[in-house]
Amino acid sequence: MTAPASPNVAVGHVLRNRPFLLLWLSQLATQVGGNMVLYGLTVIVLKATNLSSAVSALLLAFLVPAVLFSAVAGVYVDRLDRRWVLVITNVLRAALFVAIWAAGNDLGLIILLTFILATLTVFFTPAEAAMIPFLVPREQLVSANGLFTLTLNGAFALGFALLGPLIVTLSGPEPVILIVAALYLIAGVFCLTLPSDPPPPRAPESALRTVAETGRAVGGTLVELREGIRYIRSNPQISWSLFYLGIAASLIGVIGVLGPSFARTTLGLAPEDLVVVVLPLGFGIVTGILLLNSYGRYLARRRAIEGGLIALGILIFVLTIAGPISSFLQSLEATTEIVDLSSVTSLVAVVIGIAFLAGTAYGIVAISSQTQLQEDIPEDVRGRVFGVLNMLVSVASFVPIIIVGPISDIFGTTSVILGVALFILLSGLASVIRRGPLQPAEELATAETIVEGRALDSIGVTIRTEEPERANPGAGDDRPAG
């Protein structure tokens with residue numbers, strides 16, 4: 001019997017799980033540090049060359065490894081102890097940051113070292129994602145994924161838009177690189193304390209082929225990669241979840257590139273006032289987590305995702321006309337003398353309100369999609385599927401950084417944002433129409449719970465019956481046979 005999932009699991013309860021806390025702290029250090037160093041390297045490259053093409057080359061050095069190697073890395077992650085993957089990649093990346101610092105203004109060497117560093121990150125990301133369901137009980141997956149999603153999104157604002165510029169202003173870009181190297185080293189120490197997560201044993205019928213498979217591991221990587229992609233294609237629910245997450249990631253990339261221009265040209269704010277949009281988005285994501293935990297059991301997860309996409313598209317569209325909305329509300333407020341509503345009809349107040357609601361919708365989409373993936377993907381292919389996911393997310397995040405800027409220069413920032421809003425809205429509607437009515441299993445898979453009564457625990461975490469409060473993620477014998 002599977003113990004029923006707790007209906008409400010707060011983020012604070014998840015953080016009392018010490019292994020998960022250390023994994024999250026590792027993510028916090030690497031995500032914030034990675035965005036800080038991206039800003040610092042951009043400054044160094046611009047100072048050395050004064051060429052936008054050089055900055056594009058730097059960004060491509062971050063992008064290309066994720067596109068080329070993410071899914072391949074997932075194959076190897078499935079063969080290795082994920083704890084050691086996390087430890088080794090963090091330590092090696094810390095060493096590479098020191099090497100980048102020592103490279104000075106040598107652009108070619110900086111780009112080469114950045115390429116190697118991004119390649120190591122390709123191995124780190126699927127191992128980190130696959131560790132979450134290993135470390136936490138399944139009733140805590142929504143909160144755990146919500147915290148990771150919040151950290152991922154907040155890291156860009158905190159690292160690239162706040163800490164990176166602050167440290168560069170105070171002491172120059174070079175110290176940023178050394179600070180980030182220390183952060184990655186600390187993250188490696190955190191990961192070293194995690195329980196071991198060795199690869200699952202091979203099925204009995206494949207035991208006789210173990211030696212042969214080991215010998216052809218390198219040569220058969222592309223074959224296994226195709227198997228992972230074929231698995232995704234043969235499971236429409238997983239394919240749709242990857243699609244949802246790709247949309248969420250692309251939105252973050254667009255905000256990162258066009259945010260300052262959007263604040264100036266569309267909202268009439270100063271570029272540095274982008275915080276008016278970013279902070280409410282973050283609070284909105286937190287609210288999305290709370291809503292999922294408190295009321296998600298009343299709504300099918302697929303409908304939560306689709307509704308979130310539709311709402312997000314509408315809210316982004318409304319954000320582009322925040323100025324006229326504020327003017328209209330102020331004109332209405334001027335006609336009544338009963339209550340002073342100026343504080344809620346100002347442009348800043350309208351932007352904050354819309355951004356907060358958009359963040360709530362985004363959080364519901366991203367967290368629900370990630371949780372759906374972790375429930376649906378069997379452990380023996382989880383690494384390669386998350387590798388494909390990382391490739392998709394990397395493309396969706398970095399391609400806008402490279403192409404959206406020039407497009408907005410031609411057509412205008414507001415037009416591009418409107419196009420993004422329309423695409424997100426149509427994606428939600430397409431999901432409703434193409435996928436059709438909810439299947440019985442989808443009706444049971446609510447936004448807050450998993451489907452109960454399964455014979456196998458497909459996410460590979462411990463089933464708790466007698467001691468639901470005890471967490472022992474390292475005890476492989478507690479896992480159901482499969």
Could you walk me through whether E128 and R82 pass the side-chain contact (heavy atoms from CB on, under 4.5 Å) check?
CA-CA 8 Å; E128 181 186 55; R82 291 168 186 142; over 6 Å; no
What are the two closest non-hydrogen atoms of [X] and [Y], and how far apart are they?
{"X": "F123", "Y": "V77", "result": "O-CG2, 3.7 Å"}
{"X": "G40", "Y": "V168", "result": "CA-CG2, 4.4 Å"}
{"X": "C191", "Y": "N90", "result": "SG-ND2, 3.6 Å"}
{"X": "A355", "Y": "P280", "result": "CB-CB, 3.8 Å"}
{"X": "I364", "Y": "A304", "result": "CG2-O, 3.6 Å"}
{"X": "L135", "Y": "P195", "result": "CD2-CG, 3.5 Å"}

Can you tell me how far [atom2] of [Y] sits from [atom1] of [X], rounded to the nearest 0.5 angstrom?
{"X": "F356", "Y": "I285", "atom1": "CZ", "atom2": "CD1", "value": "11.0 Å"}
{"X": "I100", "Y": "L117", "atom1": "CD1", "atom2": "CG", "value": "5.5 Å"}
{"X": "L312", "Y": "L357", "atom1": "CG", "atom2": "CG", "value": "11.0 Å"}
{"X": "L21", "Y": "L25", "atom1": "CG", "atom2": "CG", "value": "4.5 Å"}
{"X": "I111", "Y": "D106", "atom1": "CD1", "atom2": "CG", "value": "9.5 Å"}
{"X": "Y362", "Y": "I424", "atom1": "OH", "atom2": "CD1", "value": "10.0 Å"}

So [Y] and [X], do their side chains get closer than 4.5 Å, heavy atoms only?
{"X": "V136", "Y": "L141", "answer": "yes"}
{"X": "P175", "Y": "L170", "answer": "no"}
{"X": "L86", "Y": "S26", "answer": "no"}
{"X": "I247", "Y": "L309", "answer": "yes"}
{"X": "L96", "Y": "Y184", "answer": "no"}
{"X": "P198", "Y": "W84", "answer": "no"}

Where the side chain of [X] meets the backbone of [Y], is there a donor-acceptor pair that is under 3.5 Å apart?
{"X": "S431", "Y": "G428", "result": "no"}
{"X": "Q27", "Y": "F148", "result": "yes"}
{"X": "D81", "Y": "D197", "result": "yes"}
{"X": "S369", "Y": "A366", "result": "no"}
{"X": "Y39", "Y": "G159", "result": "no"}
{"X": "R83", "Y": "L194", "result": "yes"}
{"X": "S368", "Y": "V365", "result": "no"}

Worked check of side-chain contact (heavy atoms from CB on, under 4.5 Å) between L23 and F190:
CA-CA 7 Å; L23 181 67; F190 287 157; over 6 Å; no
What residue among L422, I417, L425, I354 forms side chain to side chain contact (heavy atoms under 4.5 Å, CB included) with I316?
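Going through the options one by one, the only one that passes is I417.
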Do S241 and Q372 pair up side chain to side chain, a donor and an acceptor below 3.5 Å, judged on atom types alone?
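The answer is no; no qualifying pair exists.
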Answer yes if the side chains of T121 and R93 hold a donor-acceptor pair under 3.5 Å, and no otherwise.
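Looking only at side-chain atoms, R93 and T121 do form a donor-acceptor pair, the distance falling under 3.5 Å.
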I would like to know whether L41 and I177 meet side-chain contact (heavy atoms from CB on, under 4.5 Å); could you show each step before the answer?
CA-CA 8 Å; L41 288 176; I177 302 175; 3.9 Å; yes
Tell me if the CH2 atom of W240 is crowded by more than 12 foreign heavy atoms within 6.0 Å.
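Check passes, neighbour count above 12.
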Dump the intermediate steps for side-chain contact (heavy atoms from CB on, under 4.5 Å) on L147 and V14, then the final yes or no.
CA-CA 9 Å; L147 187 59; V14 177; 5.5 Å; no
Aromatic ring proximity, centroids under 6.0 angstrom, F134 and F20
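That pair fails the under 6.0 Å test.
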